[in-house]
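Here the structure is a predicted model, which is why all the values come from computation and not from measurement. The basis for the numbers below is simple: all heavy atoms, side chains too, and nothing from hydrogens, waters or symmetry mates.
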Amino acid sequence: MFFYLSQFLSFLAMPLTIVLFLIVSGAVYIRKSWGKKLLWVGIGLLLFFTNPFLSNLALVAWEPEFKSFEEIENHQIGIVLTGVTNLSKTATDRTFFNKGADRITHALQLYRLGKIKKILITGGQGLNPVNSQSEAELLQRFLVMTGVPESDILIEDQAKNTAQNAQFTKNFLEKNGISTDQEFVLITSAFHMYRAKGCFDKVGLKTVTFPTDYYSHDVKYDFPALFFPDPFSLEYWTKLVKEWIGIVVYTVVGYM
């Protein structure tokens, strides 16, 4: 119930939802002065949300700075949050990645550099699975194909959201006799790190963050970046708004 309520609130607050509401309402009541105002506000917001320069500035301000591999001290376990594979595409001989594959490839790089000794992957099938495989299993398969021994891959495959990632990871560690007093490397997307860190802090797991999967890029002042509408910019604003709503909801219910 909590998940569906948060999803509904997110839908109402999505930039595209707001823009469509304003434009449609303005078009329906175009003969009224306030209807024309709604229409123009909707058009103005559409231009705002599709401006790549502005969306990138917002992302740059929100996402934490990336860390060099050299500055990460050696740890026993790196914790990788899932949400990077295409669970709607079923295959048994490969892993289909969505954006966010940095989470697992950078974890692999940390492992190869000796910064972490084991990789713990946390994440299940989501709420509406279409195949029997969990994301943790798919990422485990990928790591094994790259030569990582199965003994160095730990999987928690029941979590359905970030709060469960944290709580179920702690439960998994305790069940398997792994100390929860040590510091772990927390690996997830940069835009999602604040909420993830908050959830792991809440359950009492000490972590050092290693942000990956950046949506922002270096600020550019060329003509296309400043003036050309970009549909991906709307997607980036949507991601940010959903994350901000998630943080508010998680704070209210006590997940972080």
Side-chain angles (χ1 to χ4, degrees), residues 2 63-84 100 102-126 134-144 146-213 243 246-256:
F2 162 76
E63 292 179 326
E65 289 288 335
F66 68 86
K67 297 178 179 178
S68 68
F69 287 97
E70 289 73 20
E71 68 182 280
I72 299 297
E73 296 181 357
N74 293 353
H75 291 72
Q76 284 297 312
I77 298 175
I79 301 173
V80 179
L81 275 63
T82 58
V84 302
D102 286 1
R103 297 189 192 185
I104 196 66
T105 58
H106 287 183
L108 177 60
Q109 193 167 350
L110 285 167
Y111 175 83
R112 294 296 187 198
L113 291 170
K115 298 295 184 177
I116 54 178
K117 305 302 181 186
K118 294 182 183 292
I119 300 172
L120 192 161
I121 307 168
T122 169
Q125 296 174 288
S134 69
E135 271 210 87
E137 291 172 319
L138 291 172
L139 294 181
Q140 179 190 43
R141 178 194 301 161
F142 167 76
L143 290 176
V144 169
T146 67
V148 179
E150 282 195 50
S151 58
D152 287 346
I153 308 169
L154 311 173
I155 64 170
E156 180 290 299
D157 60 0
Q158 298 301 310
K160 292 180 170 61
N161 56 40
T162 309
Q164 290 184 357
N165 285 138
Q167 186 59 63
F168 291 2
T169 293
K170 183 178 183 181
N171 296 346
F172 175 89
L173 293 169
E174 292 174 340
K175 180 180 178 181
N176 288 274
I178 301 172
S179 173
T180 57
D181 292 330
Q182 63 183 295
E183 186 178 65
F184 303 89
V185 181
L186 183 61
I187 305 162
T188 189
S189 299
F191 81 90
H192 183 57
M193 185 56 80
Y194 180 87
R195 180 157 51 132
K197 174 67 173 170
C199 289
F200 276 81
D201 287 347
K202 184 70 176 183
V203 301
L205 292 180
K206 295 177 290 186
T207 60
V208 57
T209 61
F210 191 79
T212 67
D213 179 34
E243 188 63 21
I247 289 170
V248 172
V249 172
Y250 270 42
T251 301
V252 169
V253 300
Y255 288 164
M256 57 181 293

Student check: side-chain heavy atoms of [X] and [Y] closer than 4.5 Å:
X	Y	value
Thr169	Phe184	no
Val185	Lys115	no
Leu173	Glu156	no
Leu81	Leu186	yes
Thr146	Arg112	yes

If every non-hydrogen atom of [X] is compared with every non-hydrogen atom of [Y], which pair is closest and at what distance?
X	Y	result
Ile187	Ala107	CD1-CB, 3.7 Å
Ser68	Phe210	O-CE1, 4.3 Å
Glu174	Thr180	CG-CG2, 3.9 Å
Ala136	Thr82	N-CG2, 4.1 Å
Lys170	Val203	NZ-O, 2.8 Å
Gln164	Lys160	OE1-N, 2.7 Å

Does [Y] offer a backbone N or O that forms a donor-acceptor pair with the side chain of [X] under 3.5 Å?
X	Y	result
Glu135	Gly83	yes
Lys67	Pro211	no
Asn176	Ile178	no
Glu73	His75	no

To the nearest 0.5 Å, tell me how far [X] [atom1] sits from [Y] [atom2].
X	Y	atom1	atom2	answer
Phe172	Gln167	CZ	CD	14.5 Å
Thr251	Lys202	OG1	NZ	9.5 Å
Ile72	Ile116	CD1	CD1	10.0 Å
Ile119	Ile155	CD1	CD1	13.0 Å
Glu137	Ile121	CD	CD1	10.5 Å
Leu143	Gln140	CG	CD	8.0 Å

Within residues 184-198 or reaching into it, pairs that qualify as salt bridge (charged side-chain N to carboxylate O under 4.0 Å, His left out) - sequence neighbours excluded: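 Non-adjacent pairs meeting salt bridge (charged side-chain N to carboxylate O under 4.0 Å, His left out): Arg195-Glu243, Lys197-Asp201.
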Heavy atoms from other residues, nucleotides or ligands near CZ of Phe142 exceed 12 (cutoff 6.0 Å):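 Atom CZ in Phe142 is packed in, count exceeds 12.
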Neighbour count above 12 (heavy atom, 6.0 Å) for Glu71 CD: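 Above 12, so yes.
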Ser189 side chain to Asp213 side chain, donor-acceptor N/O pair below 3.5 angstrom: yes
Criterion side chain to side chain contact (heavy atoms under 4.5 Å, CB included) on Asn165 and Thr188, from CA distance to verdict: CA-CA 11 Å; Asn165 285 138; Thr188 189; over 6 Å; no
Parallel, tilted or perpendicular: ring planes of Phe69 versus His106, cut at 30 and 60 degrees: perpendicular
